[in-house]
Amino acid sequence: MPELPEVETIVRGLRPQIVGQAIRNAELLWPRTLVTPEGDKFARTIIGQRVREVSRRGKFVVLRLSVSHLLIHLRMSGDIFIKDKPVQIEKHDRLILSLSNDKVMVFNDTRKFGRAWLTKDPEAVLGGLGPEPLSEAFTPEWLGQALRSRKRRLKPLLLDQTFIAGLGNIYTDEALHLARLHPLAASDTVTPEQAGRLWRAIRQVLEEGIRRNGASIDWVYRGGDFQNYFRAYGRTGQPCPECGTPIERMLVGQRSTHICPFCQNEEL
DNA sequence: CACGAGACCTGTTCGC
DNA sequence: TGCGAACAGGTCTCGT
């Protein structure tokens, strides 16, 4: 489910409900969800700490606690809910934190890919991430130079979280379509003009995604409606919004990829 | 360094 | 109707 705009939407919803609350109890229902620390040390360490701040780094939800950080990555199917006590455990609930305001934070994750870290050194987990695409550090010049310094196909490079943090399959397809760039184009051949277009497109699709509270697909519905404004993603056979040519689906690095063969044609 | 394949999981949809 | 295959918003690890 979640890419940068979906995670940002979740963080914004979470923040006012849990900042300032103390953690009264912790239940780990699927042990593999927790990368660190081992077993019962988790509950012992987290109980009693207070939530100081809720933020996002790339696709990670970051809870700064009194003495540790709790990092959560939702991967494909993870989601976080705040519920009133008493809660009954639902199918696929993996981690439950009881708070001092009689609410409960539930991490639910159908496919069990999601992961959490409780650590005093969040940089050990987040340190390898590339720049935040909505930050000042992400400039057209930086992007152009970074693309030229590698020799990769554009789409897998944009999906690489050590290159830029936060893009996933949807927003990458959307950004490449908006920038009129082919997902297989070699990064070291992108001109400054094209890099500028890509920079604008990335900013634009992420900002619109956030404005629309993310995208809701399949059975995962969170209220976002960006899925109604997709240009390319998931629109195989439907007309390109720019030129009417049917959108085509192809495979790039094992990920399904959607392009307009007319607009995104710098490849052939 | 770049890339493909397979793994990790459960659930839904598609094709015969 | 039934049943296996394909597919899903992510990332890691291994082999070439």
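Below, read A as the first sequence line, B as the second, and so on, with proteins coming before strands; counting in each chain starts at 1.
Judged by a 6.0 Å distance limit and a 45° cone about the ring axis, A:Arg150 is not positioned over the six-membered ring of A:Phe163.
Aromatic ring centres of A:Phe226 and A:Tyr171 lie closer together than 6.0 Å.
Between A:Phe113 and C:dT11, no base-stacking contact is recorded for ring centres under 5.5 Å apart and planes less than 30° from parallel.
Checking B:dT13 for Watson-Crick or G-U wobble geometry (two distances, each under 3.5 Å) identifies C:dA5 as its partner.
Side-chain atoms of A:Arg111 and base atoms of C:dA8 include a donor and an acceptor less than 3.5 Å apart.
With the nearest nucleotide of DNA chain B identified for both A:Arg32 and A:Val252, A:Val252 has the one nearer the 5' end.
Here the P atom of nucleotide C:dC7 and the OH atom of A:Tyr233 are 12 Å apart, to the nearest Å. In this structure, the NE2 atom of A:His258 is 7 Å from the P atom of C:dA8, given to the nearest Å. For A:Arg255 and B:dG6, the CZ to P distance is 17 Å, given to the nearest whole Å. A:Arg249 places its CZ atom 14 Å from the C1' atom of C:dG9, with the value rounded to the nearest Å. One interatomic measurement links the two molecules: CG of A:Leu159 to P of B:dG4, which rounds to 13 Å at whole-angstrom precision. Summarising the geometry, the separation between CH2 on A:Trp30 and P on B:dC9 is reported as 6 Å, rounded to the nearest angstrom. For the pair A:Gln227 CD and C:dA8 C1', the computed distance is 15 Å after rounding to whole Å. Between the C1' atom of C:dT11 and the CG atom of A:Leu74 lies a distance of 14 Å, rounded to the nearest Å.
Listed candidates were C:dA8, B:dG11, C:dC12. Nearest to the side chain of A:Arg75 is C:dC12. Side-chain proximity of A:Lys59 to B:dG4, C:dT11, B:dT10: nearest is C:dT11. Nearest nucleotide to the A:Arg150 side chain, out of C:dA8, C:dT11, B:dA2: B:dA2. Nearest to the side chain of A:His92, among C:dT11, C:dA8, B:dT10, sits B:dT10. Residue A:Gln254 places its side chain closer to B:dG4 than to any other of C:dA8, C:dG10, B:dG4. Closest to the A:His73 side chain, of the nucleotides B:dC3, C:dT11, B:dT10, is C:dT11. Residue A:Arg152 places its side chain closer to B:dC3 than to any other of B:dC3, B:dC9, C:dA8. Picking from B:dG11, C:dC12, C:dG9 the nucleotide with the shortest atom distance to the side chain of A:Glu3 gives C:dG9.
For the residue pair A:Leu4 and A:Pro133, the shortest heavy atom distance occurs at CD1-CG, 3.8 Å. Of all non-hydrogen atoms in A:Ala195 and A:Leu147, the two that sit nearest each other are CB-CD1, 4.3 Å.
At a threshold of 4.0 angstrom between heavy atoms, the contacts of A:Arg94 with the nucleic acid are absent. Using a 4.0 Å heavy-atom cutoff across all strands shown, A:Arg115 reaches no nucleic acid atom at all. Residue contacts shown for A:Gln161 are limited to sugar-phosphate atoms, with no base heavy atom under 4.0 Å away.
A distance of 9.5 Å separates CG of A:Leu198 from CG of A:Leu178, quoted to the nearest 0.5 Å.
Comparing B:dG6 with C:dA5, their P atoms are spaced 15 Å from each other, to the whole Å. Here the separation of B:dT13 from C:dG9, taken at their P atoms, is 15 Å to the nearest Å. Taking atom P on both nucleotides, C:dC7 is separated from B:dA5 by 13 Å, rounded to a whole Å. Comparing B:dG11 with C:dT1, their P atoms are spaced 23 Å from each other, to the whole Å. Annotation: C:dA8 and B:dC3 have their C1' atoms spaced 23 Å apart (nearest Å).
Screening A:Leu99, A:Leu63, A:Leu70 for a side-chain contact (heavy atoms from CB on, under 4.5 Å) involving A:Ile23 leaves a single residue, A:Leu99.
A close approach under 4.0 Å does occur between a side-chain nitrogen or oxygen of A:Ser256 and OP1 or OP2 of C:dA8. For A:Lys112, no side-chain nitrogen or oxygen approaches OP1 or OP2 of B:dC8 to under 4.0 Å. Residue A:Lys91 has a polar side-chain atom (N or O) positioned under 4.0 Å from OP1 or OP2 of B:dG11.
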Check: Run the salt bridge (Lys or Arg N to Asp or Glu O under 4.0 Å) check on A:Arg12 and A:Glu8 step by step: do they pass?
Finding: CA-CA 6 Å; A:Arg12 289 180 185 185; A:Glu8 181 64 26; 2.8 Å; yes
